[in-house]
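Here the structure comes first, spelled out in structure tokens, and everything after it is commentary.
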There are 2 protein chains.
Amino acid sequence: MSAEDSPAKKPGPRERARAQTIADIIGLGRRHLAEHGASALSLRAIARDLGVVSSAVYRYVESRDELLTLLLIDAYNELGDAVDRDVDALAEGDFRGRFLALARAVRHWAVQEPGSYALLFGSPVPGYRAPGDRTTEPGTRVIMRLVGILDAAHRAGALTAVAGGAVVPQALAGNLAAVRDELGLDLPEEVLARGVLVWTSLFGAVSFEVFGQYGPDTFPAREELFQHQMETLAGLVGL
Amino acid sequence: MSAEDSPAKKPGPRERARAQTIADIIGLGRRHLAEHGASALSLRAIARDLGVVSSAVYRYVESRDELLTLLLIDAYNELGDAVDRDVDALAEGDFRGRFLALARAVRHWAVQEPGSYALLFGSPVPGYRAPGDRTTEPGTRVIMRLVGILDAAHRAGALTAVAGGAVVPQALAGNLAAVRDELGLDLPEEVLARGVLVWTSLFGAVSFEVFGQYGPDTFPAREELFQHQMETLAGLVGL
DNA sequence: CAAAGTCAAGAGCAGTGCTCTCAAAAGTTG
DNA sequence: CAACTTTTGAGAGCACTGCTCTTGACTTTG
């Protein structure tokens, strides 16, 4: 975090070259991620592609885990940017449209970058634990955006009351209230609970597709399937 | 593949010992899976635990991928058995109860065997592709059971009509009709579509929990959260 | 211009999947 | 029971992995 403690001293030709090399490594890392999967990420292979001996890479990246962290942050931010872009393209008051755009953006990015998606939302990499202080902020951008849409819709009175809501048990209501207070939201527990369900369901649907859980040709109309699922989920929270 | 062409000749002391050794290897494999993750599965480590040199293991398991396949089938069947057990414990006509039991069984097994769960529903293992002819049958047991419950409920007229159903687009309706015919179901497209959503959402919720997507202490009441989510999903399909 | 800092290379350690050869053990058969 | 056949385990070896350490060269800076 406090690596460059001098906020804006002078870039210098050296740090520029160094930053460029690190960026190249991340780029190659993403390619390897997409082609061979997260846990097959090899610093040696990256060094080869970089035209350099393996040990040289350690000058720029502390370890394989460090590279994984860099890729994690990079991927989270790319996903977050993609979501922001598509959501912001719609009117602020178009809550349902914004939710559907968010969902489509997640799916689109995931299908296009299955390796990175697997790193973020797939099985945890065996010996690796993400450093929370650097990954939580980028890692929560999508859910923040999602609850933001819900909250805005609720504040605008645009959420239609949903029927057949099961009661939220005491313990869960407490957790939800804590989340609401921490994020400064205005949503009732029932809506927040359904929002969490929508969140997990969205990624469940995307994961099924990206990880190949559907049969090879059970759902050729995957786009339509996903769209229909998201519309159903939108209805579930009254959007 | 057609190793034992004589269906039921004589077990023989040799094949018995061999089968036992393979069973031991699978058992150790499952332990390693749980402790170090799917892609860190090492035949050499298993050989060590087995008290044998690495090359000896290849006498029993063709390759690392073959062992992965064996573990995959084993895990699918364990999950299937767990689900069957819990579902069958309830009356045939208790459709909603059976669905909730199925969901709880999936979650329970997943939490208890995160390694195996990750192998089945997490990121695909880099160089590995499951042989469909041996894994599809055990791999579809849960969804078969789920649609079975839905179909039975529908045939019994126990599915309450759900409001606000988005229309199922043409292409998707075709896919769903094909699935329905192939499985001999009686469900209308709208219900089947929602059934698929429930399916993916169930595993989305479980994956979030098992893969640690929730913050470390955002939802201490995970049991209640899951239960509430499943009840909401049950309502979604009219159960 | 020389000191300080940075860099790539190479050797080396311990681990991996997998193949091969060879001798011992075990079961099967006459 | 002895001879034969099959199965088994051990060991060496290949190519790969992450990572560390030392060495020599190169660039930037005071």
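Residue numbers begin at 1 in each chain, while the letters A, B, ... track the order of the sequences.
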Short side-chain N/O contact from B/Y60 to OP1 or OP2 of D/dG9, under 4.0 Å = yes
In whole Å, what is the span from the CD atom of B/E66 to the C1' atom of C/dT19?
-> 17 Å
What's the spacing between A/L72 CG and A/L67 CG if we round to 0.5 Å?
-> 11.0 Å
Give a yes or no on whether a salt bridge exists between A/R145 and A/D86, defined as a side-chain N under 4.0 angstrom from a carboxylate O.
-> no
Separation of D/dC19 C1' from A/Y128 OH (nearest whole Å) | 18 Å
Between D/dC19 atom P and A/L68 atom CG, what is the distance in whole Å?
-> 10 Å
State plainly whether the residues A/R141 and A/D84 are in salt-bridge range, i.e. N to O under 4.0 Å.
-> yes
Could you tell me whether A/E223 atom CD has more than 12 heavy atoms of other residues or ligands within 6.0 Å of it?
-> no
For B/R64 and C/dT19, give me the distance from atom CZ to atom P, rounded to whole Å.
-> 14 Å
NA contact type, B/R59, heavy-atom cut-off 4.0 Å: base, sugar-phosphate, or nothing?
-> base
At under 4.0 Å between heavy atoms, what does A/L67 touch on the DNA or RNA strands: base, sugar-phosphate, or nothing?
-> nothing
For A/D24 and C/dA8, what is the distance between atoms CG and P respectively, to the nearest whole Å?
-> 12 Å
Taking OP1 and OP2 of C/dG17, is either one under 4.0 Å from a side-chain nitrogen or oxygen of B/S42?
-> yes
Check the distance between D/dC16's P and A/L41's CG and give it to me in whole angstrom.
-> 18 Å
For the pair made of CD in B/Q20 and C1' in D/dT7, what is the distance, rounded to whole Å?
-> 17 Å
Between A/T69 and A/Y128, does any side-chain donor sit less than 3.5 Å from a side-chain acceptor?
-> yes
The residue among B/L68, B/I25, B/I46, B/I26 that forms side chain to side chain contact (heavy atoms under 4.5 Å, CB included) with B/V61 is B/I25
Charged N to carboxylate O below 4.0 Å: is that the case for A/E78 and A/R30?
-> yes
Which ones in residues 44-58 of chain B lie close to DNA chain D, meaning a heavy atom under 4.0 Å from one of its atoms?
-> B/R44, B/V52, B/V53, B/S55, B/A56
